[in-house]
Novice: 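My questions all concern the structure below.
Numbering of ligands and ligand atoms starts at 1, following listing order. These values consider heavy atoms only, across backbone and side chains, with no hydrogens, waters or symmetry-generated copies.
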Amino acid sequence: MGAKHFTTQVAIIGGGPAGLLLSHILQKHGIESIVLERQTKDYVLARIRAGFLEHGTVQMLRDYDLGERMDREGLPKNGGAIACQGKPGVYIDTVKWTGKQMMAYGQTAITEDLYAARERDGGHVINEAGQVALHDLKSDRPRVTFSKDGENYEIACSFIAGCDGFHGVSRQSIPSDVLKVFERAYPFGWLGIMAEVPPLKELVYAYHEDGFALASQRNPMLSRYYVQCDINDAIEDWTDDRFWEALLRRMPDDIAGKITTGPSIEKSIAPLRSFVAEPMQYGALFLAGDAAHIVPPTGAKGLNLAFSDVHYLSRGLIEHLKHNRSHHLERYSADALRRVWSAENFSWRMTKMLHAFPNEDPFTRRIQANTYDLLLQHPPMQQALAYEYVGLPF
Ligand code: FAS
Ligand code: PHB
């Protein structure tokens, strides 16, 4: 049976935050796209992931009419607190140092808002698209094929946006002699829970010799907590009691005393990885989001970086397709990677400062302790961290 045909300007692989936001922005500028998502919409919306937005991300969502629910339900934040076992804590005040706020608003809610906007605006999003394959990337007639409900389809397009995450097909479509990857795996993971209890007022990142802990939130009655766990741990190894006991032990006493515990409604373990694939473009293919890079969540950069890529990629596609200029599209990879590497650097430093690395040598442990002391004792170091945490300018 021959394939059925679609034609569009931009074929977008992946209906997560990056793919949906790109599709939404392109349509605002009169550019057609088709989003191919492997999973069902419910499956995508069931993922519990990021929750803290940089200033630039908040502004971008507002600029593209995606901020109404965020501004109603999100929690504006002036920064976050960092604690270290046996030492005073330090509050990284992004408003004091940069004049900018951040926002606690979950990736799940953002993805719901994006799907709602796509449906409202008649966006073309195809869920349960299987066997997606990219073809003729170096030609002026690139194609994408996929299957759905037993039928085969082909999309003729001008450009392909690979927004299909770390395990997607897009990055694999760049020849191995072209693609360079840079990677660091960490010897631990994050165990995260969601609990319907009032959260702490502020985000708190805590270092303890037993491991890292983080207190975050989604709304006034939904708390998000994490503890560092062993790389080989399974969910079954962590009862709620064990989780709360570890969290309360790792937080300073004055903070632990304010934490409301309760039954978890969601529990998951995420491995930590630093990963960058270069270049982020190959012929008609442009990678954005986790398809091109991964950061350990310690710096709250993953989702924000995906939106940063979409800022640069949408700028280049609009300039080319609407104004017939290719300057920004040709520079996309270079422009996006500059900000990617800054976020990789920040996330790596935050992870090294705040986690208990097994079998670490005594010299490195002293350097780790001194890194926190420098932050605690020197306001310019706090200002520098605030400047990176709130999000570097695009
Ligand atoms: P996504 O992975 O979100 O979306 C890619 C989409 O492509 C998925 O829906 C997938 O189903 C689809 N896809 C994959 N292969 C396909 C194919 N062949 N064909 C069609 N579709 C395909 N970031 C933070 O800032 N803070 C956090 O606490 C945090 N926690 C995380 C926990 C976990 C377990 C994970 C995996 C990530 C976490 N992140 C966190 C990072 C996360 O938020 C990502 O940065 C964000 O989802 C990136 O969005 P996308 O690039 O759209 O990729
Ligand atoms: C979250 O709320 O999920 C969160 C917040 C800050 C981080 C990572 C995750 O650095």
Novice: Between R38 and ligand 1, does any nitrogen or oxygen pair lie at a separation below 3.5 Å?
Specialist: yes
Novice: Hey, looking at atom 32 (C) of ligand 1, which of E37, R47, R49 has the closest heavy atom?
Specialist: R49
Novice: Check whether the ring centres of H355 and F188 lie less than 6.0 Å apart, and answer yes or no.
Specialist: yes
Novice: Between the side chains of R72 and E68, is the shortest nitrogen-to-carboxylate-oxygen separation below 4.0 Å, so that they form an ion pair?
Specialist: yes
Novice: Compute the minimum heavy-atom distance from R49 to ligand 2 and say whether it is under 4.0 Å.
Specialist: yes
Novice: Find all atoms of ligand 1 within a distance of less than 4.0 Å from any non-hydrogen atom belonging to A270, and give their numbers and elements.
Specialist: 34 (C)
Novice: Please tabulate, one pair per line, all N/O donor-acceptor pairs under 3.5 Å involving side-chain atoms of residues 8-21, not counting sequence neighbours.
Specialist:
{"residue": "T8", "atom": "OG1", "partner": "E32", "partner atom": "O", "Å": "3.4"}
{"residue": "T8", "atom": "OG1", "partner": "S33", "partner atom": "N", "Å": "3.3"}
{"residue": "Q9", "atom": "OE1", "partner": "E32", "partner atom": "N", "Å": "2.8"}

Novice: Which residue from G165, P17, G16, A50 reaches closest to atom 49 (O) of ligand 1 through any of its heavy atoms?
Specialist: P17
Novice: Tell me the contacting part of L203 for ligand 2: side chain, backbone, both, or neither, using a 4.0 Å heavy-atom threshold, strictly below.
Specialist: side chain
Novice: Tell me, which protein residue and heavy-atom name are nearest atom 41 (C) of ligand 1, and how many Å apart are they?
Specialist: D290 OD2, 4.1 Å
Novice: Pairs of nitrogen or oxygen atoms closer than 3.5 Å, one from G302 and one from ligand 1: do any exist?
Specialist: yes
Novice: Do the numbers put R331 on top of the ring of Y312, so that NZ or CZ is under 6.0 Å from the six-membered ring centre and no more than 45° off the axis?
Specialist: no
Novice: Should the proximity of S216 to ligand 2, defined as any heavy atom under 4.0 Å, be assigned to the side chain, the backbone, both, or neither?
Specialist: side chain
Novice: Regarding D240 and K267, does a basic nitrogen lie under 4.0 Å from an acidic carboxylate oxygen?
Specialist: yes
Novice: Between E54 and K100, does any NZ, NE, NH1 or NH2 come within less than 4.0 Å of an OD or OE carboxylate oxygen?
Specialist: no
Novice: Hey, are E266 and R224 close enough for a salt bridge, meaning a charged N less than 4.0 Å from a carboxylate O?
Specialist: yes
Novice: Does R218 approach ligand 2 within less than 4.0 angstrom via side chain, backbone, both or neither, non-hydrogen atoms only?
Specialist: side chain
Novice: Does W190 reach ligand 2 with a nitrogen or oxygen that is under 3.5 Å from one of the ligand's nitrogen or oxygen atoms?
Specialist: no
Novice: Could you tell me, atom by atom, which parts of ligand 1 come under 4.0 Å of a heavy atom of G168?
Specialist: 15 (N)
Novice: Can a non-hydrogen atom of W190 be found less than 4.0 Å from any atom of ligand 1?
Specialist: no
Novice: Which pairs with one or both residues in residues 372-394 pass salt bridge (charged side-chain N to carboxylate O under 4.0 Å, His left out), sequence neighbours excluded?
Specialist: K87-D373, R349-E388
